[in-house]
2 protein chains.
Amino acid sequence: MQTALANAGLAPVLAGGLPGSAPPIRRAETRAEPRRSYAADEEIFAEGERTAFFYTVVSGVVRTCKLLSDGRRQIDAFHLPGDIFGVEAGPEHRFNAEAVTETRLAIHRREPRALAGDDGALARAVVAAMMRGLERAQDHMMLLGRKSARERIASFMLALSERLPGQGGAIELPMSRTDMADHLGLTVETVSRTVTQLERDGLIELPPSRRTVVLRHPAALRHLAG
Amino acid sequence: MQTALANAGLAPVLAGGLPGSAPPIRRAETRAEPRRSYAADEEIFAEGERTAFFYTVVSGVVRTCKLLSDGRRQIDAFHLPGDIFGVEAGPEHRFNAEAVTETRLAIHRREPRALAGDDGALARAVVAAMMRGLERAQDHMMLLGRKSARERIASFMLALSERLPGQGGAIELPMSRTDMADHLGLTVETVSRTVTQLERDGLIELPPSRRTVVLRHPAALRHLAG
DNA sequence: CGGTTGGTTGATTATTTTCAATGACGGTGG
DNA sequence: CCACCGTCATTGAAAATAATCAACCAACCG
């Protein structure tokens, strides 16, 4: 049973089979997989919970985060459609996952039995997801450890615009300022101020809704982002 | 060829075969693997270089880091004996690796051909290393994004004392203050001051060499680290 | 010995946080 | 339909933390 999984899926990935850019996650049209919808801010799983499943985002956005005992929060990643999250080495989840917006997820049982047979595509995708997660984490550590507030916001806007299907420089921010702050290692106030300042400097444009951003000068943002 | 690799090694890991604590990396005594020694501060590979190999630390310490165009540096991890590093998804290394101290490495060819046959242990170890890397990265993002200088130093000392074989609360710091600073997202001066302050507060003790640290009050440090 | 490197300490500055208040928006219920 | 309430975002002023600039010290090395 494990034979089929491993044989079909993982070796090519380890061998360097990943294309340079993130490969689109194509779910083989095998047996239907359980799905579930979550309301905005609904919990998907919590730190310490038993690791029974992992997930693929079908639509919507998910945040995974850790909390300090006094409530300080760090959002380590936002997961967009196609992303896999919730894969753990140990028996317990080491972070929380919550829906940022109304979200639909595909749920995968952790046991390989469920993957056995012909679904090597999922196994391959899992390893690919881990690698991409690690790469993002490394970039994010650089951001958190060494970049200024301005640079962080610029980096974030750019990264999001590249991940979101949104056409051109206009992106719809799915998350609140607080979520941005907890992802970027800043306070809400600093995020708000910095965004405003980038707008005053003409690098971005904010319609009154404040949840849409137009990247007016991507080159300058890229330069800022480092 | 990939069959043997995949079959022997990866599936159990994905299936949740990892014990809760980090499994010791046992290298099967298969065919001898190339090894090499590096002097302190010697480069192992650089960002952008072609990904041909990955490595296991045999002895010594390695740092992997990224640089910003203006020279700011973020050390994303220190790798201790037994650790695997340098595994990449893409064709190029995305960070630099340098020896911190005199170091000895085992060198693994990236192609699965070299792993074929009976060495599933290495393949398993690679996936385990990625998972542990991701877990460490998540903890480190919390540190970089949300902890104070004092908390960062305390966390670092504790984490190091748990990873180093060093008996009791005494640890030998393999890296310079500058390296610590670039890992913790601080400046050298802040690291130095904070370490001194922790000593004055009786939480740690520093022999005049300044490269040894005795954890005087681990409980208090743990509380501080969050 | 002189010179270099790594570490520490001090004074000052800068950036970000904290505390506080206000404004905008959306939903709800009278 | 509209007033009210709660949430989210913004802005301002003050405070705090860490960065920067600058010396200084000790150890190590040729």
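Here is the naming used below: chain letters follow the sequence lines, and residue numbers restart at 1 for every chain. Any value given below was found using the heavy atoms of this structure, including those in side chains, with hydrogens, waters and symmetry copies removed.
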Taking side chain to side chain donor-acceptor pair (under 3.5 Å) as the definition, give me every residue that meets it alongside A:R152, ordered by chain and number, with sequence neighbours left out.
none
For a quick check, with a 4.0 angstrom heavy-atom cut-off, what is the B/S/- contact string for nucleotides 23-30 of chain D, read 5' to 3'?
--------
Set of side chain to side chain donor-acceptor pair (under 3.5 Å) partners for B:T196, sequence neighbours left out:
none
Applying side chain to side chain donor-acceptor pair (under 3.5 Å), can you list everything that pairs with B:E151, at least two apart in sequence or on another chain?
A:R72, B:S148
Contact check, residues 60-76 of chain B vs DNA chain C, heavy-atom distance under 4.0 Å, returns none
What pairs of nitrogen or oxygen atoms, one from the protein and one from nucleotides 11-15 of chain C, lie under 3.5 Å apart?
from, atom 1, to, atom 2, distance (Å)
C:dA11, N6, B:R193, NH2, 3.3

Over its full length, what angle do the end axes of the helix from C:dC1-D:dG30 to C:dG30-D:dC1 make, each axis taken from five pairs and the result rounded to 10 degrees?
30°
Using OP1 and OP2 only, check whether a side-chain N or O of A:R210 sits under 4.0 Å from C:dA24.
no
Those residues at least two apart in sequence (or on a different chain) that pass side chain to side chain contact (heavy atoms under 4.5 Å, CB included) with B:S69 are none
Would you please name every residue forming a side chain to side chain contact (heavy atoms under 4.5 Å, CB included) with A:F53, sequence neighbours left out?
A:Y55, A:I107, A:R109
Any chance you could lay out the salt bridge (Lys or Arg N to Asp or Glu O under 4.0 Å) test for B:D201 and B:R150, step after step, and finish with the verdict?
CA-CA 11 Å; B:D201 295 350; B:R150 220 175 140 78; 2.9 Å; yes
With sequence neighbours left out, write down each residue that passes side chain to side chain donor-acceptor pair (under 3.5 Å) with A:R216, or none if nothing qualifies.
A:E205
For DNA chain C, determine which residues of residues 171-191 of chain B have any heavy atom closer than 4.0 angstrom to one of its atoms, and list them numerically.
B:S176, B:R177, B:E189
Give every donor-acceptor pair under 3.5 Å between a side-chain atom in residues 217-226 of chain B and any protein atom, sequence neighbours left out.
from, atom 1, to, atom 2, distance (Å)
B:H217, ND1, B:A220, N, 3.4
B:R222, NH1, B:E162, OE2, 3.4

